[in-house]
Amino acid sequence: MVKAADRAKNPAGSSVWLEHRAARSGGGPAGLDRERIVAAAIRMLDEEGLAKFSMRRLAAELNVTAMSLYWYVDTKDDIIEYAVDTCYGEIDLAEIDSAGDWQGRIKLLAVAYRLMLVRHPWMSPCAGQYLNIGPKAIAVGGKIYEAVRDSGLPIDRQPSAMSAVFQFVYGYGTIESQFQRRAKEAGMSQDDFYGESISAFRDDPQFMEALEPVAELMEERSSHGSVSAIWDRDFGYALEVMIAGIEVMVERSRSAGEQRRPGRM
């Protein structure tokens with residue numbers, strides 16, 4: 001597996017998935033395996049975040065010595081990479097296939113990806129920090145590609161469409177998860193946290209003039225009474241806009257192809 005020094009020398013090309021660790025002789029610590037280690041790591045990361053995660057704290061959670069963990073992994077980064085891929089495995093690919101048309105598959109993939117990011121707030125920074133090349137991550141990426149490919153876009157336009165949809169989902173899920181984290185740390189519901197946050201500056205004279213252009217929009221959002229409803233509504237509509245945009249570009253590509261055919265002006 002990847003040593004810490006190796007990651008420092010080659011941060012762009014280092015991954016637990018690119019290394020072949022030599023088998024260790026004898027048996028590992030009783031009652032411990034990589035799956036159990038990763039499951040415990042995910043629980044800790046969900047509850048406490050990346051900043052507090054360490055091999056020592058993980059060992060204490062598992063009631064083993066820190067050295068016991070090194071039977072299965074070489075660094076904390078190894079565990080995080082395994083945890084990232086495990087979370088990608090929460091996306092039900094069989095359900096995605098059942099949607100049939102490409103629009104339905106994109107919707108299911110986008111919703112599942114968003115929910116996964118919200119369940120695991122630490123996933124967003126990790127997705128950018130580590131290579132997402134574990135088997136489950138690659139399987140999800142394959143389904144994303146298949147859905148966009150089946151839209152009929154030319155191959156040189158498919159990466160852009162994938163980015164438009166799923167970088168939007170990544171950003172949306174990141175903001176949503178961090179908002180929930182802040183509310184939780186404040187010991188408040190999302191609704192109360194949002195209400196107090198808006199009240200903190202909305203009626204402040206120094207902000208009133210600057211906020212005038214968006215006053216109507218703020219009033220519309222605050223009228224729903226549920227932050228969760230706002231998250232769902234805005235995400236759903238934005239996703240519809242993305243898919244409609246792909247449909248328009250597919251038709252535009254087809255029309256351009258018709259115009260370029262021999263004998264056509």
Q: Run the side-chain contact (heavy atoms from CB on, under 4.5 Å) test on Met55 and Ile79 for me, step by step, so that the C-alpha distance in whole Å, both residues' side-chain angles and the decisive distance to 0.1 Å come before the verdict.
A: CA-CA 9 Å; Met55 297 290 270; Ile79 295 175; 3.4 Å; yes
Q: Would you confirm whether Asp46, through its side chain, and His120, through its main-chain N or O, come within 3.5 Å as a donor-acceptor pair?
A: no
Q: Is there a side-chain contact between Lys52 and Glu47 (heavy atoms, below 4.5 Å)?
A: no
Q: In chain order, what residues pass the salt bridge (Lys or Arg N to Asp or Glu O under 4.0 Å) check against Glu146, with sequence neighbours excluded?
A: Lys143
Q: How close do Ser15 and Leu131 get, heavy atom to heavy atom, and via which atoms?
A: CB-CD1, 4.0 Å
Q: Gln158 side chain to Leu153 main-chain N or O, any donor-acceptor pair under 3.5 Å?
A: yes
Q: Is there a path of hydrophobic side-chain contacts, each under 4.5 Å between heavy atoms, that joins Val241 and Ile175?
A: no
Q: Among Asp78, Thr75, Leu62, which residue satisfies the side chain to side chain contact (heavy atoms under 4.5 Å, CB included) criterion with Leu69?
A: Leu62
Q: Evaluate whether atom CG of Asp156 has more than 12 neighbouring non-hydrogen atoms of other residues, nucleotides or ligands under 6.0 angstrom away.
A: yes
Q: Is the shortest heavy-atom distance from the side chain of Val169 to the side chain of Val111 under 4.5 Å?
A: no
Q: Does atom CZ (Arg149) have a neighbourhood of more than 12 heavy atoms from anything else shown, all under 6.0 Å?
A: yes
Q: Is the shortest side-chain heavy-atom distance between Ser177 and Trp122 below 4.5 Å?
A: no
Q: Show your reasoning for whether side-chain contact (heavy atoms from CB on, under 4.5 Å) applies to Asp85 and Trp17.
A: CA-CA 10 Å; Asp85 200 59; Trp17 304 107; 3.7 Å; yes
Q: Is there a salt bridge (Lys or Arg N to Asp or Glu O under 4.0 Å) between Glu185 and Arg181? Walk through the geometry before answering.
A: CA-CA 6 Å; Glu185 289 176 350; Arg181 178 188 60 80; 2.9 Å; yes
Q: Please round to the nearest 0.5 Å and tell me the distance separating atom CD1 of Ile42 and atom CE of Met44.
A: 12.5 Å
Q: Going through the checks in order, is the side-chain contact (heavy atoms from CB on, under 4.5 Å) test met by Leu50 and Ile80?
A: CA-CA 9 Å; Leu50 278 168; Ile80 293 175; 3.9 Å; yes
Q: Do Leu108 and Asp92 have side chains that approach each other closer than 4.5 Å (heavy atoms only, starting at C-beta)?
A: no
Q: Please report the interatomic distance CD(Glu240) to CD(Gln103), rounded to the nearest 0.5 Å.
A: 9.5 Å
Q: Same cluster or not: Met116 versus Val118, using hydrophobic residues (I, L, V, M, F, W, Y) connected whenever any side-chain heavy atoms lie under 4.5 Å apart?
A: no
Q: Looking only at heavy atoms, what is the nearest atom pair of Ala83 and Val38, with distance?
A: CA-CG1, 3.7 Å
Q: Are the side chains of Val250 and Ser151 in touch, meaning some heavy atoms are under 4.5 Å apart?
A: yes
Q: Would you say the side chain of Ile144 lies within less than 4.5 Å of the side chain of Tyr113, judging by non-hydrogen atoms?
A: no
Q: How about Met162 and Gln167: do any of their side-chain heavy atoms sit closer than 4.5 Å?
A: no
Q: Flag yes if more than 12 heavy atoms outside Arg157 fall under 6.0 Å of its CZ atom; otherwise flag no.
A: no
Q: CD/Glu19 to CG/Asp74 distance, rounded to the nearest 0.5 angstrom?
A: 9.5 Å
Q: Parallel, tilted or perpendicular, judged at 30° and 60°: which one describes the rings of Phe193 and Phe179?
A: perpendicular
Q: So, Arg114 side chain and Tyr170 main chain: donor-acceptor pair closer than 3.5 Å or not?
A: no
Q: Report the C-alpha distance between Ser68 and Thr65 in whole Å, list the side-chain angles of each, state the deciding distance to 0.1 Å, and finish with yes or no for side-chain hydrogen bond (donor to acceptor under 3.5 Å, both in side chains).
A: CA-CA 5 Å; Ser68 298; Thr65 66; 2.8 Å; yes
Q: Is there a side-chain contact between Lys76 and Leu58, using heavy atoms and a 4.5 Å cut-off?
A: no
Q: Supply the atom-to-atom distance Ser14 OG to Leu18 CG, rounded to the nearest 0.5 angstrom.
A: 8.0 Å
Q: Between Ser189 and Ala183, which heavy-atom pair has the shortest distance, and what is it?
A: O-CB, 4.1 Å
Q: Tyr172: which residues meet the ring pair (Phe, Tyr, Trp, His ring centres under 6.0 Å) condition with it, sequence neighbours left out?
A: Phe168, Trp231, Phe235
Q: Taking it one step at a time, do Ile106 and Val148 satisfy side-chain contact (heavy atoms from CB on, under 4.5 Å)?
A: CA-CA 8 Å; Ile106 284 182; Val148 173; 4.1 Å; yes
Q: With sequence neighbours excluded, tell me which residues meet side-chain hydrogen bond (donor to acceptor under 3.5 Å, both in side chains) with Ser54.
A: none
Q: Roughly how far, to the nearest 0.5 Å, is OH of Tyr88 from CG of Asn132?
A: 4.0 Å
Q: Can you see which heavy atom on Gln178 is nearest to which on Pro121, and at what distance?
A: NE2-O, 3.5 Å
Q: Atom CD1 of Ile37 and atom CG of Leu32: how far apart are they, to the nearest 0.5 Å?
A: 4.0 Å
Q: Minimum heavy-atom separation for Ser228 and Asp191, please, with both atom names.
A: N-OD1, 4.4 Å
Q: I'd like to know if the side chain of Glu81 and the backbone of Val16 have a donor-acceptor N/O pair within less than 3.5 Å.
A: yes
